[in-house]
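Here is the naming used below: chain letters follow the sequence lines, and residue numbers restart at 1 for every chain. None of the values given here were measured: they were computed from a predicted structure.
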Amino acid sequence: MTNFRNHLYFLLLGALALIVLPYFISSRFYIDVLTLIFFTAYLGQSWNILGGYAGQFSFGGVMFFGTGAYVSSILLTTFGFPPIFGIFLAILGGAFLGLIVGYMSFRSGLKGSYFALITLAFAELLRVLANSVEFTGGGVGLFLTYAPGLSNLQFESPVGFYYFALILMFISIAIVYWLESSRFGAQLVAIRENEDAAEALGINTLKCKIYAIMIMGAMGGAAGTFYAQKYLYLDPPIAYSIHLSVEMLLVTIVGGMGTIFGPLVGAFVLHTVNEIARHFIDTPGLSLIVYGLILIIIIGYLPNGLIGAFKKKEKKSDSTSLDKKTSRGDS
Amino acid sequence: MISASLSMLPAAIINGLMYGAIYALVALGLTLIYGVLHIINFAHGAMLMLALYAAFFLFHLFNIDPYFSILIVTPCAGIFGYMIYRYGIGPLAKGKDQNILLITLGLSIIIENGALFFFSGDQQTVNLSYGFEAFDLGFMYLSYPKVISFFAALLMCAILWAAMSLTDMGRAIRAVAKERQGARLVGINVERIFAVTFGIGIACLGAAGCMMLPIFYVDPYTGNIFVLVAFTIVVLGGMGSVVGALVGGFIIGITESVGGLLLGESLGQIGISLIFILILIFRPTGLFGSKV
């Protein structure tokens with residue numbers, strides 16, 4: 001228990017540091033990079049719930065992001081509905097999309113590569129739809145007006161968005177913290193480790209997986225509103241870009257799947273590498289080449305991500321986190 | 001509007017068939033790899049894009065006709081595929097399905113952005129002397145490249161089929177696909193067969209890339225367009241089924257061109273992802289497949 005207490009103090013200290021950090025950084029550049037790191041960590045965390053904990057890899061995670069972004073932006077542009085409430089409808093929209101996609105694909109027993117591919121197809125389907133119908137602005141896109149204010153979730157200084165992203169990330173970490181200690185989280189891990197065994201133990205695997213993808217969807221929806229209000233522009237290739245889908249899984253896998261801080265660590269490392277690479281050679285594509293290489297290296301040599309590699313060294317005698325999780329899942 | 005569309009329907013169907021044969025060749029590589037190795041090569045589109053660039057540069061630098069390049073690019077692509085499986089994917093993946101998916105995803109990111117880095121994002125096309133000549137079918141014009149590519153793709157499929165059924169290597173590959181352990185027991189080097197199969201699958205892409213170059217443009221993102229197309233065909237036809245890949249290729253080719261005609265350029269693309277989702281949900285074994 002003291003271990004847990006120490007852990008908690010450490011955590012609060014880290015959170016506090018991130019909260020006061022903007023007072024010590026005057027450079028807009030660093031604030032923006034940090035905002036982006038929190039944003040990707042948040043999205044990665046949403047992927048982590050379904051991919052890392054429940055073991056269902058999605059290649060189209062961006063669909064929730066895009067749908068949420070469209071929900072709140074269309075409400076704003078057509079009805080003048082303030083995004084501070086719109087974000088909740090975006091969350092609902094994302095969760096509802098998660099319900100549909102989850103129900104359709106999990107009920108048919110799709111898993112592994114098939115599930116990954118069907119989520120990719122759903123994202124592609126939504127991209128084509130958004131491109132073809134009128135109320136999304138079609139290929140021209142949606143332009144949001146710049147009107148800073150809390151009700152618009154827009155801020156004059158980048159520090160405002162820094163805190164917005166930070167809050168989102170804190171919430172995502174809280175969700176996964178809850179997951180780690182909840183029955184539901186244990187059920188997800190049981191599904192990941194052995195779905196048939198989980199089913200035999202009486203876990204309603206279909207329901208659990210659908211709940212997991214709904215949580216992912218809800219989180220993605222909020223991220224969409226954040227993005228739309230920060231960048232004030234949305235079009236189908238942005239809203240449903242495969243790059244964001246890849247980035248979500250990338251940061252999580254690099255940091256460590258099924259861990260609380262994996263996505264944050266991954267997002268931090270990848271963005272830092274990206275900025276350094278950009279500093280030396282600023283050519284399109286280079287940073288993504290590095291991302292691809294890192295992904296392959298991590299899969300090949302560090303299947304538990306950076307956190308996994310770190311933990312292994314730290315406590316060799318202690319039972320590994322994986323053992324703990326499976327035993328909890330079985331009980 | 002509708003009647004005008006309907007009168008163009010036969011033309012759209014024939015166009016779809018022409019593309020369908022090439023799609024089938026792309027999908028054939030994917031389905032072969034799946035049938036034998038039981039892995040999904042997510043980098044398939046990216047490797048196709050590389051083949052297109054190879055054909056493009058052969059034309060651009062040495063003025064070699066893309067259809068002649070088939071003879072050069074196909075074996076090179078085969079060797080590339082063999083090497084990349086033998087020394088990359090195979091040792092790294094350690095046999096886990098999701099690992100392979102992620103490694104090939106990483107590979108596709110590297111290839112795509114490597115192309116962006118070296119070749120820039122500009123769209124490239126070739127101008128062939130016969131590129132604008134066309135057969136007059138009465139109700140439509142059919143350009144020479146489309147017709148040549150159609151027959152070349154069919155010929156390539158036939159050669160592959162013959163090689164798979166008549167040669168020792170083909171027999172060994174089919175043996176491994178059917179019964180991995182049994183094949184090992186009768187002395188087949190399964191690891192080598194895996195790499196060879198991967199090589200053959202990529203060789204199909206090499207040929208397909210050369211046939212596509214006179215018809216399509218190429219840029220670093222070309223592969224993205226075809227990756228979902230190829231997966232849809234493979235899932236539609238049944239993972240690992242050669243006949244399925246052919247039939248699926250034609251169905252998708254026609255769906256795409258008829259969809260574009262009836263629903264418009266933008267919404268017409270919806271057919272492919274819709275078919276993909278519906279097939280996965282209602283008949284994941286595909287039309288000709290026997291197992292998932």
Side-chain angles (χ1 to χ4, degrees), chain A residues 51 55-57 59-60 101 103-105 107-133 138-139 236 242-243 245-247 249-250 253 257 281 283-301 303, chain B residues 34 38-40 42-43 88-89 91-94 96-121 220 224 227-228 231-232 234-235 239 263-284 292:
Chain A
Q56 313 296 317
F57 290 19
F59 272 20
V101 173
Y103 182 74
M104 287 174 85
S105 34
R107 197 201 44 165
S108 336
L110 295 181
K111 53 180 95 168
S113 307
Y114 285 90
F115 177 69
L117 289 177
I118 202 170
T119 53
L120 180 75
F122 268 114
E124 183 62 16
L125 185 79
L126 287 168
R127 186 186 66 78
V128 174
L129 274 180
N131 211 18
S132 316
V133 293
I242 184 162
H243 280 294
S245 288
V246 169
E247 203 163 350
L249 68 92
L250 196 61
I253 290 170
M257 280 183 281
I281 316 169
T283 328
L286 186 74
S287 63
L288 284 164
I289 298 177
V290 177
Y291 279 15
L293 276 175
I294 293 177
L295 176 65
I296 292 179
I297 291 168
I298 293 277
I299 292 291
Y301 300 103
Chain B
Y34 182 84
H38 302 288
I39 65 166
I40 289 179
F42 201 76
I89 301 171
L92 283 173
K94 304 180 191 89
K96 278 175 88 180
D97 179 39
Q98 279 171 339
N99 280 358
I100 292 177
L101 193 66
L102 291 170
I103 286 174
T104 52
L105 170 71
L107 213 56
S108 77
I109 298 173
I110 295 173
I111 293 175
E112 192 179 300
N113 292 288
L116 185 65
F117 186 72
F118 288 110
F119 309 146
S120 90
N224 280 340
V227 91
L228 203 61
F231 279 124
T232 309
V234 167
V235 167
M239 287 268 186
L263 298 173
E265 191 72 17
S266 169
L267 197 60
Q269 301 165 15
I270 210 167
I272 290 171
S273 32
L274 205 60
I275 288 181
F276 187 71
I277 291 171
L278 293 178
I279 285 281
L280 270 185
I281 288 173
F282 293 110
R283 197 176 156 76
V292 179

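- Looking at B:L280, the atoms closer than 4.5 Å to chain A (heavy atoms on both sides) sit in the backbone and in the side chain alike.
- Listed options A:S113, A:G112, A:S108 were ranked by heavy-atom pairs under 4.5 angstrom with chain B; first place goes to A:S113.
- Both the backbone and the side chain of B:F117 come within less than 4.5 Å of a heavy atom in chain A.
- In this structure, the side chains of A:F59 and B:L101 come closer than 4.5 Å at one or more pairs of heavy atoms.
- Contact of A:I298 with chain B is not made at all, since no heavy-atom distance falls under 4.5 Å.
- Considering CZ of B:F282 and CE of A:M104, their distance stands at 6.0 Å, rounded to 0.5 Å.
- Per-residue heavy-atom pair counts under 4.5 Å with chain A were compared for B:T104, B:I272, B:I110, B:L263, and the maximum is reached by B:I110.
- At a 4.5 Å heavy-atom cutoff, the contact between B:L228 and chain A is made by side-chain atoms alone.
- Comparing B:I281, B:I40, B:L116, B:I103 by how many heavy-atom pairs each has under 4.5 Å with chain A, the most go to B:I281.
- When heavy atoms are compared at a cutoff of 4.5 Å, A:L295 approaches chain B solely by way of its side chain, counted from C-beta outward.
- If you tally non-hydrogen atom pairs under 4.5 Å between each of B:I109, B:T232, B:I89 and chain A, the highest count goes to B:I109.
- Contact of the B:L274 side chain with the A:L125 side chain is registered, since non-hydrogen atoms from C-beta on lie closer than 4.5 Å.
- Contacts between A:F122 and chain B at a heavy-atom distance below 4.5 Å involve backbone atoms as well as side-chain atoms.
- Contact annotation for A:V133: neither backbone nor side-chain heavy atoms come within less than 4.5 Å of a heavy atom of chain B.
- You'll find the side chain of B:N113 stays beyond 4.5 Å of the side chain of A:V290, heavy atoms only.
- Shortest non-hydrogen contact noted between A:A121 and B:S273 is O-CB, 3.7 Å.
- Proximity to chain B is limited to the side chain of A:L110, based on heavy atoms less than 4.5 angstrom apart.
- With a 4.5 Å cut-off on non-hydrogen atoms, A:I253 touches chain B through its side chain but not through its backbone.
- With a 4.5 Å cut-off on side-chain heavy atoms, B:F276 and A:L120 do not count as touching.
- Proximity to chain A (any heavy atom under 4.5 Å) is restricted, for B:F42, to the side chain, taken from C-beta onward.
- Contacts of B:I111 with chain A are absent, with no heavy-atom separation under 4.5 Å from either backbone or side chain.
- Taking B:V235, B:N224, B:I270 one by one and counting their heavy-atom pairs under 4.5 Å with chain A, the maximum is reached by B:I270.
- You'll find the side chain of B:L102 reaches within 4.5 Å of the side chain of A:L249, heavy atoms only.
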